[in-house]
Amino acid sequence: MNRFFNALSFQVGWWACVAGVGLGLEVPALVLCLALTTALVYFSPKPLLEIKLASAAWLLGVVLDTGLQYFSIISFYGWSLGPLSPFWLWLLWIMFALTLNSSLSFLQQLPLSLSAGAGFLFGPLTYYAGAKLGAALFDNTLSHLAVLAMIWMVAMPGLVSFAKYLAHKPPSQSI
């Protein structure tokens with residue numbers, strides 16, 4: 001898959017979801033992200049691998065973001081299924097996972113400590129930006145930022161490791 005298209009799709013999806021929720025355009029944002037996700041999987045050289053990775057990231061994201069809401073670290077706006085995190089976040093986790101074997105595949109060649117550092121820095125930054133754009137309510141206290149940083153310091157290398165595992169395991173093994 002073209003790495004530029006992959007990175008651009010994720011960025012378009014992120015902005016569409018976050019700004020869409022903030023501007024009351026959540027449904028068009030969800031439709032756009034579903035279309036981008038479908039295209040990313042369709043044009044992937046290994047669509048089944050991408051579906052497995054996206055499913056794992058989706059499950060992780062639902063658990064983490066729902067936990068963040070439950071413990072009042074952040075309150076997300078948008079449509080959701082009961083107390084779970086909103087649908088637009090589900091799509092962002094899926095779309096993020098679809099970058100791990102394409103535009104962010106270089107992370108698989110680097111020490112996991114760099115992925116942990118990237119998660120520590122950029123994880124909280126994306127939540128903060130999303131809140132500033134109207135997709136969430138976030139009290140950016142040091143303790144809340146630290147929780148986000150710690151979560152992403154573990155989640156990012158975990159997702160990178162899982163992507164690497166799936167990409168390099170023999171075809172006869174299944175998950």
Between Val154 and Leu68, is there a shared hydrophobic cluster once you connect ILVMFWY residues whose side-chain heavy atoms come closer than 4.5 Å?
-> no

Residues Ala155 and Leu64: closest non-hydrogen pair is CB-CD1, 4.1 Å

Treat each ILVMFWY residue as a node, draw an edge where side-chain heavy atoms are under 4.5 Å apart, and state whether Phe106 and Leu114 are in one component.
-> yes

Closest heavy-atom pair and its distance - Met153, Ala116 = O-CB, 3.4 Å

Does a side-chain heavy-atom distance below 4.5 Å link Ser102 with Glu50?
-> no

Using side chain to side chain contact (heavy atoms under 4.5 Å, CB included) as the criterion, point out the one residue from Val12, Asn6, Ile94, Leu91 that pairs with Leu36.
-> Val12

Is it true that Phe87 and Trp90 have ring centroids separated by less than 6.0 Å?
-> yes

Hits for side chain to side chain contact (heavy atoms under 4.5 Å, CB included) against Phe71, two or more places apart or cross-chain, chain-then-number order -> Ile73

Would Leu100 and Phe162 count as a side-chain contact (heavy atoms from CB on, under 4.5 Å) if you check the C-alpha gap in whole Å, the side-chain angles of each, and the deciding distance to 0.1 Å?
-> CA-CA 9 Å; Leu100 295 173; Phe162 191 58; over 6 Å; no

Taking it one step at a time, do Leu107 and Met156 satisfy side-chain contact (heavy atoms from CB on, under 4.5 Å)?
-> CA-CA 10 Å; Leu107 291 173; Met156 183 74 161; 3.6 Å; yes

Evaluate side-chain contact (heavy atoms from CB on, under 4.5 Å) for Leu98 paired with Val41, printing each intermediate quantity in order.
-> CA-CA 8 Å; Leu98 296 176; Val41 171; 4.0 Å; yes

Got more than 12 heavy atoms from elsewhere within 6.0 Å of CZ, Phe138?
-> yes

Take Asn101 and Leu166 through the side-chain contact (heavy atoms from CB on, under 4.5 Å) test and state the conclusion after the steps.
-> CA-CA 10 Å; Asn101 286 315; Leu166 287 176; 5.7 Å; no

Could you pull out the closest heavy-atom pair between Gly82 and Ser80, with the gap in Å?
-> O-OG, 3.2 Å

Apart from Leu48 itself, what residues make up its hydrophobic cluster when side-chain heavy atoms of I, L, V, M, F, W and Y under 4.5 Å apart count as a link, directly or indirectly?
-> none

Atom CZ in Phe10, atom OG1 in Thr37: separation rounded to 0.5 Å?
-> 10.5 Å

Measuring from Leu60:CG to Ser55:OG, what's the distance to the nearest 0.5 Å?
-> 12.5 Å

For Trp14 and Thr126, the nearest pair of non-hydrogen atoms, with its separation, is CZ2-O, 3.7 Å

Between side-chain atoms of residues 16-35 and protein atoms elsewhere (two or more places apart, or another chain), which donor-acceptor pairs fall under 3.5 Å?
from: Glu26; atom 1: OE1; to: Trp79; atom 2: N; distance (Å): 3.1
from: Glu26; atom 1: OE2; to: Trp79; atom 2: N; distance (Å): 2.9

Is there a side-chain contact between Phe96 and Leu104 (heavy atoms, below 4.5 Å)?
-> yes

Side chain to side chain contact (heavy atoms under 4.5 Å, CB included) filter on Phe76, not counting sequence neighbours, yields Asp65, Gln69, Ile74, Pro86, Trp88, Leu89, Tyr127, Ala136

Val160 to Leu112 - nearest heavy-atom pair and separation | CG1-CD2, 4.4 Å

Closest heavy-atom pair, Ser9 versus Met95, reported as atoms and distance to 0.1 Å, is O-CE, 3.2 Å

Kindly say whether Leu40 contributes a backbone atom to a donor-acceptor pair with the side chain of Ser44 at under 3.5 angstrom?
-> no

The side chain to side chain contact (heavy atoms under 4.5 Å, CB included) partners of Phe122 (sequence neighbours excluded) come to Ala118, Leu125

Set of residues satisfying side chain to side chain contact (heavy atoms under 4.5 Å, CB included) with respect to Leu121, sequence neighbours excluded | none

Out of curiosity, does Tyr128 fall in the hydrophobic cluster containing Met150 (side-chain heavy atoms, cut-off under 4.5 Å, transitive links)?
-> no

